[in-house]
Amino acid sequence: MKKAKNGARSGSSDDHGTEENRLIAERRGKLTALRGTRVAYPNDFRRDALAGELHASFGERSGEWLDANPTRVKVGGRLMLRRDMGRASFAKIGDRTGQIQLYLQQEALGEAYEAFKGWDIGDIIGAGGVLFRTKTGELSVRADQLTLLVKSLRPLPDKWHGLADTETRYRQRYVDLIMSEASRGVFRTRTRIVRYLRDFLDSLDFLEVETPMMQQIPGGATARPFRTHHNALGLDMYLRIAPELYLKRLIVGGFERVYEINRNFRNEGVSTQHNPEFTMLELYLAYADYRDLMDWIEKATRGLADTLYGTQQITYQGRSYDLARPFRRLTLEQAIIEHNPGIDPLSLRDLTYLRKRCEQLGLKFEPQDGAGKLQLALFEKSAESALLDPTFVYAYPAEVSPLSRPNDADPFIADRFEFFLAGREIANGFSELNDPEEQAARFRAQVARKEKGDEEAMFYDADYVRALEYGMPPAAGLGVGIDRLVMFFTDAPSIRDVILFPHLRPEAH
């Protein structure tokens with residue numbers, strides 16, 4: 001078969017499929033032959049060294065030093081590269097820390113060397129030998145022991161191009177991780193981000209907790225839930241859309257600082273910013289308000305940058321972000337005015353005026369939507385994606401903030417903010433509504449919206465109202481989208497790049 005430039009196969013996708021099937025058949029044949037001579041998938045090899053550790057410990061040692069101080073190691077990993085040269089060969093194997101080169105000689109290995117000639121890229125092998133440095137200066141293992149641990153039945157993608165198809169990268173994340181150090185780096189960074197946030201909160205005397213994933217009443221956000229059924233209890237239940245109401249029950253119970261990092265589920269569309277299953281950090285602290293949370297986010301974001309990269313200058317998708325500068329703060333109405341030239345600032349709460357503006361922008365709304373709901377629609381349409389530098393937008397309409405404390409001076413708005421970075425909402429926080437009678441009235445208003453067809457409106461949670469009746473201290477709460485935060489700090493354009501196994505449509509067969 002002819003090759004295209006850069007080693008890419010020419011011909012149709014059917015040709016590629018036929019070639020792949022042929023290679024799989026060849027590998028299955030090798031496995032069948034192997035089964036007739038030995039245990040096909042042994043588990044008696046134990047390595048005592050990792051590639052990255054060897055490079056860290058011996059990378060600066062000269063060949064003379066290595067020869068004078070023989071160091072014996074056992075390494076294991078996936079065969080990623082081989083150069084056969086008759087009676088000797090070079091191979092590279094990869095483990096979780098990187099790659100190490102093996103030098104294989106027929107004289108030293110005997111039958112094992114002959115067997116190696118039939119092994120394939122992707123096989124997992126173990127080797128034992130002594131460290132040395134080649135003529136080109138590369139740290140290597142001169143192997144005198146060699147064993148096949150796992151026969152790989154499917155060929156890996158071309159080493160130079162990896163998984164070129166984005167959807168295949170998401171569907172077969174395991175192959176993406178094999179081939180791409182950059183992809184592995186994204187998920188290592190994700191773990192570091194979560195660890196930093198945990199350490200940060202633990203240092204402030206927060207208690208990490210776990211609350212129910214399945215709930216009889218989905219609450220804590222305006223979103224469409226996933227529905228399931230518990231057979232033993234005979235109950236319809238919902239995957240949680242947020243842990244908020246349970247965490248605030250804990251504030252009532254006396255745990256004055258709590259947080260949870262876990263999954264939420266919302267039955268909505270998928271996009272570069274949305275996955276129906278996603279990770280949130282939610283925290284609640286007593287005797288604080290929304291302004292304390294804005295300060296917390298600013299400090300934590302800078303701390304993350306320092307911890308990950310040692311700088312406050314972060315580049316995301318080709319644009320530079322200076323996190324050292326004070327994060328901007330403006331009201332939602334100010335944001336609307338700023339991004340809607342010609343809008344009348346004095347008419348932003350006039351329902352007739354707002355309906356006309358929404359119609360001009362092609363925004364749909366319901367007859368029961370008030371001025372606050374229309375304000376939010378205008379903001380999301382015109383301003384949200386333009387908020388690139390770190391920005392807090394506060395003073396959200398109380399109408400769209402059913403769990404937030406109303407502002408004492410202006411009841412049209414709530415003491416609520418959202419944090420935006422790179423044109424995306426990263427966090428949502430507010431001073432908590434702890435008036436049980438007001439909360440009950442808010443729930444009833446949400447139920448009325450639901451009865452009129454709003455599938456994202458909240459349910460009435462009588463037990464949560466009962467909890468508030470025992471008394472919840474003044475408090476503030478915050479939700480942070482971990483996936484979007486990871487996107488920013490790993491320069492990822494899509495949420496699917498930072499979720500190991502994102503949701504996709506069923507694979508066509």
Side-chain angles (χ1 to χ4, degrees), residues 189-213 215 219-221 240 242-264 278-308 310 312 323-324 326-327 329 390 392 394 403-405 414-419 421 426-436 439 463-464 467-486 488-489:
T189 300
R190 181 187 176 106
T191 295
R192 293 179 66 196
I193 289 171
V194 173
R195 184 183 299 123
Y196 171 87
L197 293 172
R198 278 198 167 99
D199 290 345
F200 187 93
L201 291 171
D202 292 346
S203 72
L204 296 174
D205 197 32
F206 277 78
L207 179 69
E208 183 174 10
V209 298
E210 293 180 335
T211 60
M213 292 285 192
Q215 304 176 354
R240 76 174 185 195
E244 178 170 341
L245 300 188
Y246 281 93
L247 291 172
K248 288 196 286 193
R249 285 172 169 93
L250 298 179
I251 297 290
V252 171
F255 287 141
E256 295 180 346
R257 296 188 170 200
V258 294
Y259 75 94
E260 181 171 8
I261 300 175
N262 222 319
R263 293 301 179 94
N264 291 346
F278 61 98
T279 302
M280 289 284 289
L281 159 66
E282 289 221 14
L283 65 89
Y284 294 85
L285 64 161
Y287 307 102
D289 67 17
Y290 74 103
R291 291 166 293 194
D292 298 306
L293 297 178
M294 290 195 284
D295 295 339
W296 180 89
I297 287 178
E298 197 158 346
K299 183 178 180 180
T301 304
R302 293 196 184 104
L304 262 176
D306 281 336
T307 298
L308 296 174
Q312 299 291 313
L323 302 182
F327 292 4
R329 303 186 182 196
F392 293 105
Y394 66 99
L403 300 170
S404 304
R405 186 180 187 279
D415 288 339
R416 173 190 171 191
F417 73 90
E418 288 187 340
F419 173 57
L421 181 59
I426 302 295
N428 178 29
F430 43 82
S431 303
E432 299 298 334
L433 177 61
N434 60 348
D435 179 338
Q439 184 62 78
D463 180 71
Y464 177 66
L468 291 183
E469 289 173 346
Y470 280 95
M472 184 174 81
L478 174 70
V480 179
I482 296 296
D483 306 301
R484 292 183 182 178
L485 193 64
V486 175
F488 178 76
F489 279 109

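We count residues from 1, following the sequence as given.
- Between Glu298 and Arg329 there is a salt bridge, since a side-chain N of the basic residue sits under 4.0 Å from a carboxylate O of the acidic one.
- A distance of 13.0 Å separates OG of Ser431 from CG of Leu403, quoted to the nearest 0.5 Å.
- When side chains are defined from C-beta on, Thr279 counts as touching Arg190, because their heavy atoms get closer than 4.5 Å.
- Side-chain contact between Leu323 and Pro390 is present, with at least one heavy-atom pair separated by less than 4.5 Å.
- In this structure, the ring of Tyr290 has its center no less than 6.0 angstrom from the ring center of Phe430.
- Minimum interatomic distance between Leu433 and Gln439 (heavy atoms only, all atoms of both residues): CD2-OE1, 3.5 Å.
- In summary, the aromatic rings of Phe327 and Phe419 are positioned with their centroids under 6.0 Å apart.
- Atom CG in Leu207 sits 12.5 Å away from atom CG in Leu283 (nearest 0.5 Å).
- Using modelled atom types, one finds a donor on one side chain and an acceptor on the other under 3.5 Å when comparing Arg240 with Thr211.
- Residues Met472 and Asn434 approach most closely at O-ND2, 3.0 Å, considering heavy atoms.
- Atoms CD1 and CE, on Ile261 and Met280 in that order, are 11.0 Å from each other to the nearest 0.5 Å.
- Side-chain atoms of Ile297 and Asp295, non-hydrogen and from C-beta on, never get closer than 4.5 Å to each other.
- Asp289 approaches Asp292 most closely through the heavy-atom pair N-OD2, 2.8 Å.
- Nearest heavy-atom pair across Gly220 and Glu244 is O-OE1, 3.1 Å.
- Comment: Glu282 does not engage Lys248 in a salt bridge, judged by the lack of any side-chain N to carboxylate O separation of less than 4.0 angstrom.
- Salt bridge Arg405/Glu432: absent, no basic N to carboxylate O contact under 4.0 Å.
- Summarising the geometry of Glu469 relative to Pro436, their closest heavy-atom pair is CG-CB, 3.7 Å, with the distance given to 0.1 Å.
- A heavy-atom distance below 4.5 Å is found between the side chains of Tyr246 and Gln215.
- Of all the heavy atoms in Gly471 and Val252, the pair that sits closest is O-CG1, 3.9 Å.
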Test side-chain contact (heavy atoms from CB on, under 4.5 Å) applied to Glu418 and Phe392, step by step: CA-CA 6 Å; Glu418 288 187 340; Phe392 293 105; over 6 Å; no

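- The only option from Phe206, Trp296, Tyr259 that meets the ring pair (Phe, Tyr, Trp, His ring centres under 6.0 Å) definition with Phe200 turns out to be Trp296.
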Working for side-chain hydrogen bond (donor to acceptor under 3.5 Å, both in side chains), residues Asp306 and Gln312: CA-CA 6 Å; Asp306 281 336; Gln312 299 291 313; 2.8 Å; yes

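- Considering only heavy atoms from C-beta on, Val258 comes within 4.5 Å of Phe255 through its side chain.
- Comment: Asp415 does not engage Arg291 in a salt bridge, judged by the lack of any side-chain N to carboxylate O separation of less than 4.0 angstrom.
- Residue Arg192 is tested with Leu308, Val486, Leu304 for a side chain to side chain contact (heavy atoms under 4.5 Å, CB included); the sole match is Leu308.
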Derivation and outcome, side-chain contact (heavy atoms from CB on, under 4.5 Å), residues Arg257 and Leu204: CA-CA 9 Å; Arg257 296 188 170 200; Leu204 296 174; 4.0 Å; yes

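- Rounding to the nearest 0.5 Å places CG of Asn262 at 11.0 Å from CG of Leu281.
- Counting heavy atoms from C-beta on, the side chains of Arg263 and Met213 come closer than 4.5 Å.
- Here the side chains of Leu293 and Leu285 are in contact, with some heavy-atom distance below 4.5 Å.
- Counting heavy atoms from C-beta on, the side chains of Asp199 and Leu197 never come closer than 4.5 Å.
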